[in-house]
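Below you'll find the structure, written out as structure tokens, and then a few comments.
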Amino acid sequence: MVEGVIELPEGELDLKLSMECGQTFVWNKWSGKPLYEDTSCRKFYKVHGEDLVLLWQEGTDLYYRGTMEEEEIYNLLNLDVSMEELEEELSRDEIIEEAFEDFRGLRILNDEFFPTLISYIISAQMQIPRIKRMVNRIAEKWGSTVAYENQEFNRFPTPEELAQASEEELRDLGMGYRASYVKETTEQVLDGEVDPSKVRDMSYPEAQEELKKLTGVGDKVADCVLLFSLGFHDSYPLDTWGKKVIGEVYPEFEDSRYWKVAEDMREYFGEYAGWAHEYLFHWGRENREIL
DNA sequence: CGCCAGGCCTTAC
DNA sequence: GTAAGGCATGGC
């Protein structure tokens, strides 16, 4: 067992906000209730590979417990990205500065590739709490368990494990037409058609094209996987909220073509455009009445 | 009942 | 290359 405390600078992390802003379907509430349906619990856990990680925050102290070493926890939260430098890097206009101030400590998480890939394939035309419920059902049905302190925790299935699921069984979970996407993409990953460790080393355009070979992965899902699991901090996923925000706040960037808007936003915000996206995404959801 | 949700695939120009 | 239509299911 491993446990400890990481002391962080003021404003460096808002763990609860980072977990609950809608970016992850991999983390869970320690209370056992689903993420996005329980906002009172402040402890979060996930199974990552063979490890169990439990995190909570008190003031500027980040507490961890489980089987994962501290160095790896830094990676999970992208703690090598300094918020002070990020703020300087992203300061382009009053809107992003306001969002950065209001949501100080919101960080992009670094989740595992396969769970992120499948959960964002499922996310198409679906509401966020429902996506999380679906991902949990998949973990319960096909994921193996990891034992920790006399308890067993489900983890999201590996490609090998999920390949055991038939398309019909997936459909029975309620994922509709996405069932065939999940089935086919699982086979493609299992066959090595797309190798995440190779995608990491590609340029952004190559990496996006590579992921789009997978069934059910278009521009937006590819950008999410790149940002949330493969270290592409400049990837700018253009979702329904992002489009509304752009229409309201950055009308000069409006365009019917996905790639054009995403490219403009990457150029506008630079190296950490994906982080800017997350601030604006959350800003949009918090201010939905004016969009 | 109708409308929409972290879009993607197919088909037609 | 770009634009339109269909698509499963659940929540409101």
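Numbers restart at 1 for each chain; the letters A, B, ... are given by sequence-line order, proteins then strands. Remember, predicted model here, so these are calculated numbers, not experimental data.
Arg130(A) contributes a side-chain N or O that forms a donor-acceptor pair with the base of dT9(C) under 3.5 Å.
In terms of position on DNA chain B, the residue among Lys244(A) and Asp219(A) whose nearest nucleotide sits closer to the 5' end is Lys244(A). Projected onto DNA chain B by closest heavy-atom contact, Leu214(A) and Gly22(A) fall at different nucleotides, the more 5' of which corresponds to Gly22(A). Each of Trp259(A) and Ala124(A) has a nearest nucleotide on DNA chain C; the 5'-most of these lies closest to Trp259(A).
Residue Val221(A) has its side chain nearest to dG7(B) when only dA8(C), dA3(C), dG7(B) are considered.
Between Asp264(A) and Lys260(A) there is a salt bridge, since a side-chain N of the basic residue sits under 4.0 Å from a carboxylate O of the acidic one. A salt bridge links Arg133(A) and Glu37(A); the closest N-O separation between the charged side-chain nitrogens and carboxylate oxygens is under 4.0 Å. Salt bridge present: Arg155(A) and Glu50(A) bring a charged side-chain N and a carboxylate O closer than 4.0 Å.
Counting any heavy atom pair closer than 4.0 Å across all strands shown, Arg257(A) reaches sugar-phosphate atoms only and no base atom. Within the 4.0 angstrom heavy-atom criterion, base atoms lie near His277(A). Among the heavy atoms of the strands, none lies under 4.0 Å from Glu184(A). In this structure, Lys132(A) reaches neither bases nor backbone, as no heavy-atom distance under 4.0 Å exists between it and the strands shown.
The distance between atom CD of Gln208(A) and atom P of dG7(B), rounded to the nearest whole Å, is 15 Å. Look at OH on Tyr258(A): it is 16 Å from P on dA3(C), rounded to the nearest Å. Straight-line distance from the NZ atom of Lys243(A) to the P atom of dG7(B): 7 Å, rounded to whole Å. At whole-Å resolution of the value, CG in Asp172(A) and P in dA8(C) are 14 Å apart. Here dC7(C) presents its C1' atom at 16 Å from CD1 of Ile121(A), a figure rounded to the nearest Å. Here dG7(B) presents its C1' atom at 8 Å from NZ of Lys220(A), a figure rounded to the nearest Å. Residue Tyr177(A) contributes atom OH, which lies 12 Å from atom P of dA5(B) at whole-angstrom precision. When the C1' atom of dA8(C) is taken as reference, atom CD1 of Ile122(A) falls 13 Å away, rounded to whole Å.
Heavy atoms from other residues, nucleotides or ligands lying under 6.0 Å from NZ of Lys212(A) number more than 12. Applying the 6.0 Å contact sphere to CZ of Arg42(A) captures no more than 12 heavy atoms from other residues, nucleotides or ligands.
Applying the 4.0 Å criterion to OP1 and OP2 of dG7(B), one finds that Ser123(A) has every side-chain N and O outside that range. One finds a side-chain N or O of Gln125(A) lying less than 4.0 angstrom from the OP1 or OP2 phosphate oxygen of dG7(B). Look at Thr240(A) and you won't find any side-chain N or O under 4.0 angstrom from OP1 or OP2 of dC4(B). OP1 or OP2 of dG11(C) lies within a sub-4.0 Å distance of a side-chain N or O belonging to Arg133(A).
The aromatic rings of Tyr236(A) and Phe269(A) lie parallel to each other, with less than 30° between the two planes, well short of the 60° mark.
Taking atom C1' in both dG10(C) and dC9(B), the straight-line distance is 22 Å, to the nearest Å.
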